[in-house]
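In what follows, a structure is listed as structure tokens, so that the remarks can point back to it.
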Amino acid sequence: MGSEVDAAKQKANGSLLNGKKVKVVFVLGGPGSGKGTQCAYIVDHFGFTHLSAGDLLRAEIKSGSENGTMIQDMIKEGKIVPSEVTIKLLQKAIQERDNDKFLIDGFPRNEENRAAFEKVTGIIPEFVLFFDCSEEEMERRILNRNQGREDDNIDTIRKRFKVFIESSLPVVEYYESKGKVRKIDAGKPVEEVFEAVKTVFSSIDAEAA
Ligand SMILES: Nc1ncnc2c1ncn2[C@@H]1O[C@H](COP(=O)(O)OP(=O)(O)O)[C@@H](O)[C@H]1O
Ligand SMILES: Nc1ccn([C@@H]2O[C@H](COP(=O)(O)OP(=O)(O)O)[C@@H](O)[C@H]2O)c(=O)n1
Ligand SMILES: [Mg+2]
């Protein structure tokens, strides 16, 4: 029932972003669960455009924007940047890209992100891909990531895990109550995880055909 109401609502507003009609899949999971890695494969196989909220925020810091210092401080502490900032970056990225299918990775990360995005854009996700992985495995992966990220150190990782459990998992539970979550066992090797991801996206393609 809930999903029917959502579908009707989405149809009514058409998930229009300033006149642009878009399909969105949210990609969620703890830090190091493999969101970015799997998104690259989904882009190659299913023609989505990948938008990582974390990458957009890091690019904003690099660009020397007036919010840069605030964003940098929050990322270092593993905190979630105010929705207003992140949503503006996502909206701009969606509008700039010549595609109508988007993977939004690492967003929404808390209830504020979720509610504000829906209010501002009117976009309701097609579904939420959720990468389920143990903390032990995520910690191992992040400590081996080697991307020179200032938040990939053990102190910040612990803070990010806490924020994930306290603020991000409730968002997954919200979408679960709407029947929107497609949960993937992300503790396996990359190829095996992608087999499970492929099954989810293939069934969507079949529905659309
Ligand atoms: N299934 C997997 N098994 C082992 N290592 C992985 C797997 N998926 C991703 N990784 C590695 O773990 C690290 C974190 O992956 P990433 O995709 O950046 O995760 P996230 O975006 O969720 O933080 C990267 O170094 C990546 O190469
Ligand atoms: N919606 C979001 C996404 C990321 N971020 C910030 O960016 C950091 C890195 O996010 P990320 O998605 O790149 O991290 P991973 O989960 O990929 O490791 C988070 O810990 C937050 O500090 C945010 O504030 N709001
Ligand atoms: Mg990532």
Side-chain angles (χ1 to χ4, degrees), residues 24 26-44 50-62 67-91 93-94 102-118 120-121 125 128-172 184-198:
V24 163
F26 287 146
V27 182
L28 302 180
S33 59
K35 300 181 294 296
T37 302
Q38 294 296 323
C39 281
Y41 283 92
I42 301 166
V43 165
D44 286 346
H50 174 210
L51 300 179
S52 154
D55 286 351
L56 290 170
L57 290 166
R58 284 184 286 272
E60 187 69 1
I61 298 171
K62 273 203 183 145
N67 282 326
T69 312
M70 177 273 287
I71 298 171
Q72 189 167 29
D73 290 347
M74 295 200 81
I75 288 182
K76 259 194 228 158
E77 287 302 310
K79 292 181 180 160
I80 299 169
V81 173
S83 301
E84 198 194 331
V85 173
T86 317
I87 290 171
K88 254 189 211 143
L89 296 172
L90 286 169
Q91 275 187 301
I94 291 172
F102 291 89
L103 297 169
I104 301 192
D105 155 9
F107 183 98
R109 248 178 163 94
N110 62 9
E111 173 59 21
E112 190 214 0
N113 273 183
R114 186 200 66 72
F117 184 80
E118 188 175 323
V120 170
T121 67
V128 174
L129 194 62
F130 173 54
F131 291 119
D132 190 25
C133 193
S134 71
E135 242 178 55
E136 197 189 10
E137 175 65 14
M138 294 193 287
E139 184 178 305
R140 205 172 13 242
R141 289 182 189 176
I142 298 175
L143 291 174
N144 286 319
R145 179 151 55 184
N146 282 328
Q147 288 179 351
R149 277 174 52 173
E150 275 188 295
D151 57 343
D152 281 355
N153 59 77
I154 195 64
D155 280 358
T156 312
I157 291 169
R158 298 259 151 86
K159 289 178 184 164
R160 289 156 70 196
F161 284 158
K162 190 164 186 284
V163 168
F164 172 67
I165 289 165
E166 288 174 359
S167 305
S168 309
L169 277 182
V171 174
V172 178
I184 305 284
D185 177 358
K188 296 180 177 164
V190 174
E191 295 73 21
E192 282 180 46
V193 176
F194 187 57
E195 282 307 312
V197 167
K198 243 188 342 203

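First listed ligand is number 1; within each ligand, the first listed atom is number 1. Sequential numbering from 1 along the given sequence is applied to the chain's residues.
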Evaluate the criterion side chain to side chain contact (heavy atoms under 4.5 Å, CB included) for residue pair Val193 and Phe131; output intermediate values, then yes/no.
CA-CA 9 Å; Val193 176; Phe131 291 119; 4.0 Å; yes

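- Nearest protein neighbour of atom 17 (O) of ligand 1, counting heavy atoms only, is Thr37 OG1, 2.5 Å.
- Considering backbone and side-chain atoms alike, Gln147 places every N or O at 3.5 Å or more from each N or O of ligand 1.
- Annotation: Gly32 places an N or O atom under 3.5 Å from an N or O atom of ligand 1; distance criterion only.
- For a threshold of 3.5 Å applied to N or O pairs, the pair formed by Asp105 and ligand 1 contains no separation below that value.
- Asp105 has its side chain out of reach of Asp55: every pair of non-hydrogen atoms, C-beta onward, lies at least 4.5 Å apart.
- At a 4.0 Å heavy-atom cut-off, ligand 1 touches Pro189 through the backbone alone.
- Residue contacts with ligand 2 for Lys76 are absent, since no atom lies close enough (heavy atoms, distance under 4.0 Å).
- Checking only distances, Lys35 does come within under 3.5 Å of ligand 2, N or O to N or O.
- Looking only at protein heavy atoms, the nearest one to atom 12 (O) of ligand 2 is Arg109 NH1, 2.9 Å.
- With atom 3 (N) of ligand 1 as the reference point, the heavy atom nearest to it among Arg140, Arg160, Arg141, Arg149 is part of Arg141.
- Under 4.0 Å from ligand 2, the heavy atoms of Lys79 that appear belong solely to its backbone.
- Side-chain contact check for Phe117 versus Pro108: every heavy-atom pair is 4.5 Å or farther apart.
- The atoms of ligand 1 that sit less than 4.0 Å from any heavy atom of Val190 are 1 (N), 2 (C), 7 (C), 8 (N).
- Every atom of ligand 2 with a heavy atom of Ile80 under 4.0 Å away is listed here by number and element: 24 (O), 25 (N).
- Residues Leu129 and Ile42 form a side-chain contact, since some pair of their non-hydrogen atoms from C-beta on lies under 4.5 Å apart.
- Electrostatic pairing of Asp152 and Arg160 counts as a salt bridge here, judged by a charged N lying under 4.0 Å from a carboxylate O.
- Within the listing of ligand 2, atoms 9 (C), 13 (O) sit less than 4.0 angstrom from a heavy atom of Arg58.
- Contact annotation: the side chain of Leu56 never approaches that of Phe107 to less than 4.5 Å [non-hydrogen atoms, C-beta and beyond].
- Nearest-residue assignment for atom 2 (C) of ligand 2 (options Gly106, Pro82, Gly36; heavy-atom criterion): Gly106.
- The distance from ligand 1 to the heavy atoms of Gly30 drops below 4.0 Å at these ligand atoms: 22 (O).
- At least one N/O-N/O distance between Asn113 and ligand 2 falls below 3.5 Å.
- In terms of polar-atom proximity, Val81 is counted as a contact of ligand 2, with an N or O under 3.5 Å from an N or O of the ligand.
- Not one N or O of Pro31 is nearer than 3.5 Å to an N or O of ligand 1, by distance alone.
- Under the 4.0 angstrom criterion for non-hydrogen atoms, Asn144 is not in contact with ligand 1.
- In this structure, Phe130 and Phe164 have parallel ring planes: the angle between them is below the 30° cut-off, well short of the 60° mark.
- On a distance-only criterion, Lys35 and ligand 1 share at least one N/O pair closer than 3.5 Å.
- Using a 4.5 Å heavy-atom cutoff, the side chains of Ile75 and Ile61 are in contact.
- Side-chain contact check for Arg149 versus Thr156: every heavy-atom pair is 4.5 Å or farther apart.
- The distance criterion of under 3.5 Å between nitrogen or oxygen atoms is met by Lys188 with respect to ligand 1.
- Note: no N/O pair closer than 3.5 Å links Asp105 and ligand 2 by distance alone.
- With atom 9 (C) of ligand 2 as the reference point, the heavy atom nearest to it among Arg149, Glu150, Glu112, Arg160 is part of Arg149.
- With a 4.5 Å cut-off on side-chain heavy atoms, Thr86 and Ile80 do not count as touching.
- Among Asp151, Thr37, Leu57, the residue whose heavy atom lies closest to atom 8 (C) of ligand 2 is Asp151.
- Near Gly36, with a cut-off below 4.0 Å to any heavy atom, the atoms of ligand 1 are 17 (O), 21 (O).
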